[in-house]
Amino acid sequence: MTKILITKITMTNITMTRMAATQQFGRLRHSILISLIPFMLAGCGSSDETAEPATQRLILSNVHVEGYPTARGLRHFEKLVQEDVLLGTRLQPDLQLGGVLGNEKEALEKLGFGGIQMACTSVAPLAEFSSTIGVLTLPYLFRDPEHLWKVLDGEIGDELLGSLAASGLMGLAWYDAGSRSFYNRERPVRRLADLEGLKIRVQKSEVMREMVEALGASPVSLGFKEVYTNLHTGSIDGAENNVPSYRSERHFEVAGYYSYDRHSTIPDLLLINLDVWKRLLPEEQTALRSAAKQSSIAQRGFWRDYVDEALVAVREAGVEINEVEDISAFQQAVQPLYTKYGERYGDLVTRIRAVE
Ligand code: GCU
């Protein structure tokens with residue numbers, strides 16, 4: 001009896017030990033598999049020449065809605081990549097619009113650590129990812145849109161695109177985002193004094209905050225997709241943006257005064273994560289950059305068409321539009337920003353102004 005009992009216990013122990021060992025091995029196998037997933041998914045950097053190169057998914061984040069000129073430009077980019085003989089089988093762009101992957105700041109952070117592979121954002125929140133690109137956000141820097149595009153399409157533009165490398169980002173092509181002016185719920189802004197005391201939403205940008213302060217209003221940093229609700233509830237009085245965004249985000253419904261002072265001409269930028277970029281073959285990099293540049297040319301055309309349409313639409317909706325009367329007072333008021341940022345941006349301001 002005792003013998004039978006001992007045998008039973010021993011058998012049970014052996015079974016349990018076996019089970020534990022199997023479970024442990026299962027867990028080990030599981031954790032090895034988990035740790036291999038990134039490599040299996042990326043499938044890149046393989047030295048096996050015979051293996052089919054894996055497809056790299058390029059999740060691309062943007063805040064705009066379908067049909068907006070920037071979104072149309074990015075759809076065009078997607079199509080160019082899909083149809084390219086070299087890139088079509090290798091890269092799989094996946095455009096996510098409407099800020100579903102977060103506001104621009106969050107998208108840029110995800111892009112930096114590789115959570116997403118591409119993004120197209122305004123240059124304003126990018127300033128903290130580069131020591132120089134923020135120069136483009138300084139108010140009243142460009143004489144007109146021609147001046148801006150001469151700078152962006154030239155040597156300075158290329159220099160600024162490369163300036164993001166230290167943050168793990170690579171700039172591919174500039175997109176048009178027009179010029180930004182103030183709009184609010186209270187009154188037309190004709191003179192500097194009309195801005196006084198207004199709570200104005202700004203992008204996540206130090207320069208934009210300081211500019212609004214220098215003009216006598218109070219800046220409130222908010223993500224793009226939070227502006228409508230905050231205008232609606234009255235927790236902010238106004239914001240500043242181009243007419244296309246004012247229209248597409250329907251801000252005109254809750255802030256009926258749009259006053260042109262064209263304080264900044266901040267472009268958008270199509271970006272890629274630097275590690276993803278480096279894993280591409282040189283000929284793939286050339287093809288991808290070319291698709292980005294072609295899409296930016298198309299986007300500028302979509303932009304020109306949409307600006308007029310947006311202006312007509314907001315006018316018809318009853319928006320009061322005016323030109324600021326004393327623009328030189330506005331320009332004068334922001335001069336302290338040039339003193340402060342002049343040092344940070346070195347001779348860039350002078351070089352930009354010298355571009356004819
Ligand atoms: C523009 C720009 C966007 C940006 C937005 C903003 O619409 O194109 O990229 O997010 O301004 O004010 O946040």
Side-chain angles (χ1 to χ4, degrees), residues 60-75 77 95-111 116 118-129 133-134 136-137 139 145 148 152 169 171-184 199-209 211-212 217 219-231 236 238-252 254-255 258 261-271 295-296 299-300 302-304 306-307 309-311 314:
L60 197 177
S61 169
N62 182 252
V63 288
H64 291 294
V65 292
E66 196 76 68
Y68 188 86
T70 311
R72 288 182 69 193
L74 295 171
R75 286 276 177 231
F77 169 74
L95 177 59
Q96 298 287 325
L97 292 172
V100 290
L101 297 179
N103 276 305
E104 297 194 328
K105 185 83 190 314
E106 289 102 65
L108 287 171
E109 279 157 7
K110 283 186 193 141
L111 184 65
I116 59 174
M118 295 190 77
C120 180
T121 75
S122 165
V123 162
L126 264 173
E128 59 185 89
F129 294 81
I133 208 162
L136 299 175
T137 64
L148 170 82
L152 296 182
L169 308 178
L172 293 178
W174 306 103
Y175 272 31
D176 203 346
S179 67
R180 303 175 74 97
S181 291
F182 290 106
Y183 50 92
N184 75 91
K199 280 190 256 130
I200 301 288
R201 175 269 172 172
V202 290
Q203 294 167 279
K204 303 267 161 98
S205 147
E206 197 185 324
V207 168
M208 296 307 273
R209 284 193 74 86
M211 176 197 73
V212 164
V220 179
S221 294
L222 287 174
F224 189 48
K225 294 295 179 187
E226 296 159 53
V227 181
Y228 185 94
T229 316
N230 281 275
L231 281 172
I236 53 172
E240 49 83 54
N241 216 319
N242 50 54
V243 175
S245 296
Y246 177 59
R247 192 245 178 147
S248 67
E249 296 297 310
R250 310 199 69 80
H251 295 169
F252 65 92
V254 277
Y258 190 97
D261 75 308
R262 301 177 187 82
H263 49 261
S264 22
T265 322
I266 305 176
D268 287 351
L269 183 54
L270 178 55
L271 300 141
S295 77
S296 108
Q299 189 268 348
R300 292 181 214 178
F302 302 146
W303 184 267
R304 281 190 294 275
Y306 189 72
V307 170
E309 189 191 315
L311 197 55
V314 298

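Counting starts at 1 for both ligands and their atoms, in listed order. All residue numbers refer to positions in the sequence shown, counting from 1.
- Contact analysis puts D268 in contact with ligand 1, with a non-hydrogen atom separation below 4.0 angstrom.
- In terms of polar-atom proximity, defined here as any N/O pair under 3.5 Å, H64 does make such a contact with ligand 1.
- Judged by distance alone, the side chain of R201 and the main-chain N or O of L222 form a donor-acceptor pair under 3.5 Å.
- Using a 4.0 Å cut-off to heavy atoms of S245, the atoms of ligand 1 that qualify are 1 (C), 7 (O).
- Nearest to atom 11 (O) of ligand 1 among the protein's heavy atoms is R180 NH1, 3.0 Å.
- Remark: side-chain polar atoms of R180 are paired, donor with acceptor, to backbone N or O of E240 under 3.5 angstrom.
- Of the protein's non-hydrogen atoms, the one nearest atom 1 (C) of ligand 1 is N241 OD1, 3.5 Å.
- Using a 4.0 Å cut-off between charged nitrogen and carboxylate oxygen, K110 and E106 do not count as a salt-bridge pair.
- Near V63, with a cut-off below 4.0 Å to any heavy atom, the atoms of ligand 1 are 10 (O).
- Of the options K204, E104, M208, E249, the smallest heavy-atom separation from atom 9 (O) of ligand 1 is shown by E104.
- The existence of a salt bridge linking E128 and K204 is excluded, since no basic side-chain nitrogen approaches an acidic carboxylate oxygen closer than 4.0 Å.
- Here is the list of ligand 1 atoms found below 4.0 Å of a heavy atom in R201: 6 (C), 12 (O), 13 (O).
- Ring-plane geometry between H251 and Y183 is classed as tilted, the angle between the planes lying from 30 to 60 degrees on a 0 to 90 degree scale.
- With a 4.5 Å cut-off on side-chain heavy atoms, L95 and F77 do not count as touching.
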